[in-house]
> 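Below you will find the structure I want to go over with you.
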Amino acid sequence: MATIRAGRQDDFPRLAEIELDAFVVWAEVCGVSQQPVSAPVFLLEQSLDEGLLLVAEEAGRVVGFTLGLNEGGNLYVVELDVERAAQGRGIGTSLILALLDVGRKKGLADAVLTTDRYAPFNAPFYTKLGFRILEAEEMSVFLAERLRAQIDSGLDPKRRVAMLKKL
């Protein structure tokens, strides 16, 4: 069973490894051919400073993480990754539920994110946790800009969605 704890700066190199490892699965399912990249250090530092960086550990080894940011009073879920060897055991669910709880305790209004509409571990996963897909007119300027940037970077516009869950 994984233990969820607050992230630390000394976790950053391991988080990059996990993100690059998990990218392989996501890219294959979503038909993405772009080069994998990990979250920039400044985002990790911001998430850490805001108390919204959580990691999952098993036997003293970090196997997953979630990176959130306070975006205009909402919890923006930037990243959720679990290394391939640890996937399918509920670690991602534990991480996101813990992050939502932290967001609630911080008084954030909603949790928002952008994701793939079809990959089972993306929009269908978040739907099971109470998120809903937003229509274009419901999106904040921030979410609309995030989607546009993702599409401009080469992601399929038919697959990209923004989602929201009340906290």
Side-chain angles (χ1 to χ4, degrees), residues 1-30 32 35-71 74-133 146 150 155 159-167:
M1 186 68 182
T3 301
I4 308 301
R5 66 164 172 82
R8 300 185 303 250
Q9 195 155 18
D10 64 344
D11 293 322
F12 290 4
R14 179 69 183 127
L15 303 186
E17 292 172 359
I18 291 167
E19 189 170 0
L20 294 174
D21 179 69
F23 179 87
V24 173
V25 175
W26 180 79
E28 186 176 290
V29 169
C30 297
V32 173
Q35 290 297 315
V37 293
S38 59
V41 170
F42 80 88
L43 277 182
L44 294 169
E45 288 172 344
Q46 183 180 351
S47 182
L48 180 68
D49 290 346
E50 294 178 5
L52 296 171
L53 181 65
L54 302 177
V55 301
E57 274 188 342
E58 285 186 329
R61 177 178 166 79
V62 175
V63 296
F65 75 100
T66 188
L67 187 167
L69 296 173
N70 179 340
E71 180 56 50
N74 292 318
L75 170 60
Y76 174 49
V77 181
V78 179
E79 197 68 44
L80 171 63
D81 288 305
V82 176
E83 71 179 352
R84 286 180 284 173
Q87 290 177 359
R89 301 199 310 253
I91 294 169
T93 299
S94 295
L95 279 164
I96 198 71
L97 291 176
L99 183 64
L100 295 173
D101 190 48
V102 170
R104 243 181 252 106
K105 288 176 181 170
K106 289 184 173 292
L108 301 176
D110 299 320
V112 296
L113 56 87
T114 58
T115 194
D116 183 85
R117 179 184 300 271
Y118 302 113
F121 47 84
N122 282 187
F125 165 79
Y126 290 110
T127 299
K128 289 177 188 172
L129 297 176
F131 284 80
R132 68 178 181 83
I133 294 174
R146 289 299 314 133
Q150 292 166 359
L155 296 180
R159 296 184 70 107
R160 298 308 295 168
V161 294
M163 301 185 80
L164 175 140
K165 175 182 174 65
K166 294 282 184 201
L167 291 180

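These numbers come from a predicted model, not from an experiment.
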> Could you go step by step and tell me if D11 and L53 meet the side-chain contact (heavy atoms from CB on, under 4.5 Å) rule?
CA-CA 10 Å; D11 293 322; L53 181 65; 6.0 Å; no
> Does any N or O in the side chain of E57 come within less than 3.5 Å of the main-chain N or O of T3, such that one atom is a donor and the other an acceptor?
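The answer is no, because no donor-acceptor pair under 3.5 Å joins these two groups.
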> Say you draw a straight line from CG of L69 to CG of L108; how long is it, rounded to the nearest 0.5 Å?
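L69 atom CG to L108 atom CG measures 10.5 Å (nearest 0.5 Å).
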> Could you tell me which non-hydrogen atom of A2 sits nearest to which non-hydrogen atom of I91, and how far apart they are?
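Of all heavy-atom pairs spanning A2 and I91, the closest is CB-CG1, 3.9 Å.
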> What heavy-atom pair brings I18 and G64 nearest, and what distance separates the two atoms?
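Closest heavy-atom pair between I18 and G64: CD1-N, 3.6 Å.
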> Which heavy atom of A123 sits nearest to which heavy atom of V161, and what is that distance?
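So the minimum-distance heavy-atom pair works out to CB-CG2, 4.3 Å.
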> With rounding to the nearest 0.5 Å, note down the distance linking CG in L167 to CG in D101.
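So the gap between those two atoms works out to 9.5 Å.
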> In Å, rounded to the nearest 0.5 Å, how long is the span from NZ of K166 to CZ of R104?
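The distance works out to 13.0 Å.
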> Could you walk me through whether I96 and Y126 pass the side-chain contact (heavy atoms from CB on, under 4.5 Å) test, one step at a time?
CA-CA 9 Å; I96 198 71; Y126 290 110; 4.1 Å; yes
> For V63 and A86, which heavy atoms make the closest approach, and how far apart are they?
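Of all heavy-atom pairs spanning V63 and A86, the closest is CB-CB, 3.9 Å.
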> In sequence, state the C-alpha distance, the side-chain angles, and the governing distance for V62 and R5, and then conclude on side-chain contact (heavy atoms from CB on, under 4.5 Å).
CA-CA 10 Å; V62 175; R5 66 164 172 82; 3.7 Å; yes
> List the atom of A6, the atom of V55, and the distance in Å for their closest heavy-atom pair.
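A6 and V55 have their closest heavy atoms at O-CG2, 4.3 Å.
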> On a heavy-atom basis, which atom in L75 and which in G68 lie closest, and how many Å separate them?
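Scanning both residues completely, I find the closest heavy atoms to be CD1-CA, 4.1 Å.
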> Working to the nearest 0.5 Å, report the span between CZ of F65 and CG of L95.
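Separation between the atoms: 9.5 Å.
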> Is the shortest side-chain N to carboxylate O distance from R61 to E58 below 4.0 Å?
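Not counted as a salt bridge, because no side-chain N and carboxylate O are separated by less than 4.0 Å.
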> Which distance, rounded to the nearest 0.5 Å, do you find between the CD of Q9 and the CG of L48?
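Going from the CD atom of Q9 to the CG atom of L48 covers 6.5 Å.
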> Run the numbers on Q46 and L52 for side-chain contact (heavy atoms from CB on, under 4.5 Å), then give the verdict.
CA-CA 9 Å; Q46 183 180 351; L52 296 171; over 6 Å; no
> Run through R159, R160, Q150 and flag the one making a side chain to side chain donor-acceptor pair (under 3.5 Å) with D116.
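Per the side chain to side chain donor-acceptor pair (under 3.5 Å) rule, the option paired with D116 is R159, out of R159, R160, Q150.
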> Whether R14 and E83 form a salt bridge (side-chain N of Lys/Arg under 4.0 Å from carboxylate O of Asp/Glu) is what I want to check.
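A salt bridge links E83 with R14.
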> With no hydrogens and no angle check, is any side-chain donor or acceptor of S47 less than 3.5 Å from a backbone partner on L43?
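Pair absent, no side-chain N/O of S47 close to backbone of L43.
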> Is there a donor-acceptor pair under 3.5 Å between the side chain of D110 and the backbone N or O of N74?
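Answer holds: no.
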> Please check: side-chain N/O of E50 versus main-chain N/O of N70, any donor-acceptor pairing under 3.5 Å?
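Side chain of E50 to backbone of N70, a donor-acceptor pair under 3.5 Å: yes, one is there.
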> Identify the residue among V112, L113, L100 that makes a side-chain contact (heavy atoms from CB on, under 4.5 Å) with K165.
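When side-chain contact (heavy atoms from CB on, under 4.5 Å) is applied between K165 and each of V112, L113, L100, only L100 qualifies.
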> Supply the atom-to-atom distance L99 CG to L80 CG, rounded to the nearest 0.5 angstrom.
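CG of L80 is found 8.5 Å from CG of L99.
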